[in-house]
Amino acid sequence: MIPLILTQIKISNQRRLYSKRMSSAEAPTATARRPTPYQLVGGEAMVRHIADRFYDIMESAPEAARIRSLHADDLSAVRERLFEFLSGWLGGPPLYFQRPDHKCIMSAHRPFAIGPAERDEWMTCMRRALEECGVPAEMRTLLDAAFLRLAEAFRNR
């Protein structure tokens, strides 16, 4: 659902832009295929880079100590799961949901005490990862709003 929302936001913005510059005959139609956020950020390699950078930041940043303590010492499995989840969430291959052992993303986080501080630490790591990986500012703005909704939904205290 989130990729569709991001795409719809982008389509709305493009329509406004095109309507100012082009006649209706020249403007893209509603049925034209739009690139997904997955494609717009750079596909598989960039999504993997974002997931890896996210966990590098979480592992080393003192301001992420709370959320780091919620994870096992070895982060390799969660790095892979974040990459797989982001892949599908952004409109790319639904790798996480193809795993035979996948859990509902909300259920996977339910055992952990997640409040405003943990949400904010997670967002700090993701914002830094997106910026350090070179995701364009406009795309970071769109993703930030979607990531914040997701992080807020994980809160259970």
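Residues: numbered from 1 along the sequence shown.
With hydrogens and angles ignored, the 3.5 Å screen pairs a side-chain donor or acceptor of Thr124 with a backbone N or O of Asp120. Counting only distance, with no hydrogens or angles, the side chain of Arg155 and the backbone of Arg157 share a donor-acceptor pair below 3.5 Å. Although no hydrogens or angles enter the test, the distance criterion places a donor-acceptor pair under 3.5 Å between the side chain of Ser87 and the main chain of Pro93.
Both Leu90 and Leu150 are members of a single hydrophobic cluster when ILVMFWY side chains are connected at heavy-atom separations under 4.5 Å. Linking ILVMFWY residues whenever their side-chain heavy atoms come closer than 4.5 Å, directly or via other members, leaves Met46 and Ile57 in distinct clusters. If you chain together hydrophobic residues whose side chains sit under 4.5 Å apart, Leu86 and Tyr38 fall into the same group.
Taking CD from Glu59 and CZ from Arg68, the interatomic distance works out to 5.0 Å, rounded to the nearest 0.5 Å. The SG atom of Cys104 sits 8.5 Å away from atom CZ of Phe97, with the distance rounded to the nearest 0.5 Å. Rounded to the nearest 0.5 angstrom, Arg81 CZ and Lys103 NZ are separated by 8.0 Å. Here the CG atom belonging to Leu148 is positioned 5.0 Å from the CE atom belonging to Met123, to the nearest 0.5 angstrom. Distance check, rounded to the nearest 0.5 Å: CG of Leu95 to CD of Glu44 gives 7.5 Å. To the nearest 0.5 Å, atom SG of residue Cys133 and atom CZ of residue Arg53 are 7.5 Å apart.
The two residues Pro35 and Leu40 have their closest heavy-atom pair at CG-CD2, 3.7 Å. Across Met58 and Cys125, no two heavy atoms sit closer than the pair CA-SG, 3.8 Å. Counting all heavy atoms, side chain and backbone alike, Met106 lies closest to Ala153 at CE-O, 2.7 Å. The nearest pair of heavy atoms linking Ile67 to Glu118 is CG2-O, 3.5 Å.
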Ile50 vs Phe83, test: side-chain contact (heavy atoms from CB on, under 4.5 Å). Steps then yes/no. CA-CA 8 Å; Ile50 292 166; Phe83 159 70; over 6 Å; no

Test salt bridge (charged side-chain N to carboxylate O under 4.0 Å, His left out) on Asp56 and Arg79 and set out the steps. CA-CA 10 Å; Asp56 290 345; Arg79 282 175 188 268; 2.7 Å; yes

Going through the checks in order, is the side-chain contact (heavy atoms from CB on, under 4.5 Å) test met by Asp144 and Arg140? CA-CA 6 Å; Asp144 188 79; Arg140 286 196 320 264; 5.9 Å; no

Arg127/Glu132 under salt bridge (charged side-chain N to carboxylate O under 4.0 Å, His left out): CA gap, chis, key distance, verdict: CA-CA 9 Å; Arg127 286 172 177 145; Glu132 291 175 19; over 6 Å; no

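Using cut-offs of 30° and 60° on the angle between ring planes, the pair Tyr96 and His102 is perpendicular. Ring geometry for Phe85 versus Trp89: interplanar angle under 30°, hence parallel rather than tilted (30 to 60°).
Counting heavy atoms from C-beta on, the side chains of Glu121 and Glu63 never come closer than 4.5 Å. Between Arg48 and Glu84, the closest side-chain pair of non-hydrogen atoms is not below 4.5 Å. The closest side-chain heavy-atom distance from Leu143 to Val41 is below 4.5 Å.
Within a 6.0 Å sphere centred on CG of Asp101, heavy atoms belonging to other residues, nucleotides or ligands number more than 12.
Not less than 6.0 angstrom separates the ring centroid of Trp122 from the ring centroid of Phe154.
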